[in-house]
Amino acid sequence: MMNNQNIGVMHVGVLGFGGLGQAAAKVLAPKGEMRLTAVADHKGYAYNPEGLDGDVCAQVYGDRHSVGYLEPWGILSENSIADLIQQASVVDGYFLALPNLPNTFMADVARQFIASGWQGVLVDALKRTSAVEQLLELQDELQQAGITYMTGCGATPGLLTAAAALAAQSYAEIHSCKITFGVGIANWEAYRATIREDIAHMPGYDVEKARAMSDAEVEALLDKTNGILALENMEHADDIMLELAGICDRSCVSVGGIVDTRNPKKPLSTNVQITGRTFEGKISTHTFTLGDETSMAANVCGPAFGYLKAGISFHRRGIHGLFTAAEVMPQFVR
């Protein structure tokens with residue numbers, strides 16, 4: 001195994017600069033091994049190979065709704081991702097902090113990178129099984145393009161899927177994997193795209209319906225539920241990721257949780273329970289519980305950059321193609 005202590009400074013881009021993208025910039029700020037050099041939103045992008053100040057980017061985005069207004073590094077653009085890919089010559093990898101609305105969006109972004117000739121590492125925090133299945137169809141193209149793509153690398157799928165893959169090693173066979181999450185946010189408007197993706201999982205809703213909802217319609221729905229979204233048996237890519245890793249059939253995996261859009265305190269502790277039979281014939285359950293003090297942003301962005309570092313290590317060794325959080329260990333970013 002190569003020594004990753006000498007990986008050097010990694011130049012990192014963040015695509016999408018809503019709540020998750022801004023949190024990603026904050027996570028990167030104190031890191032010595034990674035430098036934020038590129039940011040894009042739906043109206044523009046900013047690029048500086050020497051590094052961007054995430055707080056200043058967030059301030060400009062808050063004031064003018066696009067990092068394209070950042071002086072002197074910002075550029076307004078209707079095709080911000082494609083233009084940034086061409087302009088940003090020194091970016092080792094991108095965290096795709098993008099809303100997957102519509103459900104084909106992340107695969108479309110991957111195709112843009114493939115078509116551009118860019119070579120490097122891409123990491124997403126995709127939720128839906130069907131979205132990951134679309135990327136699986138691109139795995140040969142990603143490999144031929146010299147792209148190392150890490151999918152499902154947030155909290156769930158991501159951190160909790162990886163924990164399940166590790167916990168499974170105690171057992172001769174896996175009977176069930178149950179992921180339960182609690183998310184607390186003080187104001188849903190800071191995470192509009194994420195909340196719409198959650199609404200899409202509710203009975204009577206789908207991705208297109210949630211995407212088409214106005215902010216007022218989202219507010220009205222949250223008023224009806226006192227700000228609570230209760231989600232059960234979600235279409236979550238933890239299932240296909242654990243199946244691909246050979247751990248269990250996707251039918252053994254269930255994901256659900258509660259999102260409180262009006263209180264930062266988690267409504268319940270996020271955990272994964274993996275039940276199986278040991279080689280001695282004993283039935284047991286491992287439980288991995290996240291600390292209640294860790295936010296959704298901390299549990300998504302931290303793993304995403306850990307997987308980005310692992311991906312960069314792979315890429316530098318000529319290993320390209322598609323990987324999931326259940327088959328690669330993330331590397332801690334200092």
Side-chain angles (χ1 to χ4, degrees), residues 14 16 18-28 95-100 106 123-129 131-132 150-167 177-186 188 190-191 193-201 229-232 234-242 245 253-261 264-274 286-311 323-333:
V14 174
L20 200 56
Q22 290 178 42
K26 280 192 171 68
V27 168
L28 280 179
F95 172 32
L96 311 180
L98 297 160
N100 192 45
M106 211 66 78
V123 173
D124 71 42
L126 272 181
K127 294 180 184 178
R128 287 183 174 267
T129 305
V132 170
M150 323 292 278
T151 189
C153 295
T156 172
L159 177 58
L160 293 166
T161 334
L166 202 55
C177 174
K178 184 179 182 184
I179 293 172
T180 308
F181 61 82
V183 173
I185 52 176
W188 84 270
Y191 290 94
T194 301
I195 295 304
R196 281 188 171 82
E197 284 195 68
D198 287 337
I199 289 170
H201 287 282
L229 299 178
L231 305 161
E232 294 179 0
M234 300 171 75
E235 185 208 322
H236 243 239
D238 305 82
D239 59 2
I240 190 172
M241 288 162 59
L242 290 169
V253 182
S254 63
V255 181
I258 296 176
V259 181
D260 187 341
T261 63
K265 189 174 187 297
K266 288 185 183 181
L268 55 87
S269 295
T270 297
N271 67 89
V272 54
Q273 295 181 312
I274 188 151
H286 284 330
T287 302
F288 175 67
T289 305
L290 303 187
D292 286 347
E293 298 77 14
T294 58
S295 65
M296 174 185 70
N299 292 324
V300 171
C301 298
F305 289 124
Y307 282 107
L308 183 58
K309 182 176 176 181
F323 301 89
T324 79
E327 59 183 327
V328 176
M329 282 291 278
Q331 294 174 12
F332 192 75
V333 183

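The side-chain contact (heavy atoms from CB on, under 4.5 Å) with Leu126 is formed by just one residue from the set Leu98, Asn100, Thr324; it is Asn100.
In this structure, CZ in Phe181 is found 12.5 Å from CG in Asn299, a value given to the nearest 0.5 Å. Annotation: the span from Met106 atom CE to Arg128 atom CZ amounts to 12.5 Å, rounded to 0.5 Å.
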Practice task
Show your working on side chain to side chain contact (heavy atoms under 4.5 Å, CB included) between Lys127 and Thr194 and close with a plain yes or no.
Solution key: CA-CA 10 Å; Lys127 294 180 184 178; Thr194 301; 3.6 Å; yes
Problem - Derivation and outcome, side chain to side chain contact (heavy atoms under 4.5 Å, CB included), residues Val259 and Met296 - result: CA-CA 10 Å; Val259 181; Met296 174 185 70; over 6 Å; no
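Not counting sequence neighbours, the partners of Phe95 by the ring-ring contact (aromatic ring centres under 6.0 Å, His included) test are Phe305. Legend: residues meeting side-chain hydrogen bond (donor to acceptor under 3.5 Å, both in side chains) with Thr151, ordered by chain and number and at least two apart, are Asp124. The salt bridge (Lys or Arg N to Asp or Glu O under 4.0 Å) test applied to Lys266 returns no partner, not counting sequence neighbours. With sequence neighbours excluded, the residues forming a side-chain contact (heavy atoms from CB on, under 4.5 Å) with Pro267 are Ile258, Asp260, listed by chain and number.
Contact record, Met329 with Tyr307: C-CE2, 4.3 Å, taken as the closest heavy-atom pair. Between Ile185 and Trp188 the shortest heavy-atom distance is CD1-CA, 3.8 Å. Summarising the geometry of Ala304 relative to Val123, their closest heavy-atom pair is O-CG1, 3.6 Å, with the distance given to 0.1 Å. Heavy-atom minimum distance, Ala325 versus Cys153: CB-SG, 4.1 Å. A pairwise comparison of heavy atoms in Ala298 and Ser295 identifies N-OG, 3.0 Å as the closest pair.
A donor-acceptor pair under 3.5 Å links the side-chain atoms of Glu235 to the main chain of Thr129, judged by distance alone. No donor-acceptor pair under 3.5 Å is formed between the side chain of Thr180 and the backbone N or O of Thr270. The backbone N or O of Gly184 sits nowhere less than 3.5 Å from a side-chain atom of Lys265 that would complete a donor-acceptor pair.
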Per-pair distances, 0.1 Å, donor-acceptor, side chain in residues 286-293, under 3.5 Å, sequence neighbours excluded:
from, atom 1, to, atom 2, distance (Å)
His286, NE2, Ser170, OG, 2.8
Asp292, OD1, Ser269, OG, 2.7
Asp292, OD2, Ser269, OG, 3.2

Let me have the donor-acceptor pairs involving side chains of residues 155-167, under 3.5 Å, with sequence neighbours excluded, atom names and distances please.
from, atom 1, to, atom 2, distance (Å)
Thr156, OG1, His236, ND1, 3.4
Thr156, OG1, Asp238, OD1, 3.0
Thr156, OG1, Asp238, OD2, 3.1
Thr161, OG1, Gly158, N, 2.7
Thr161, OG1, Asp238, OD2, 2.8

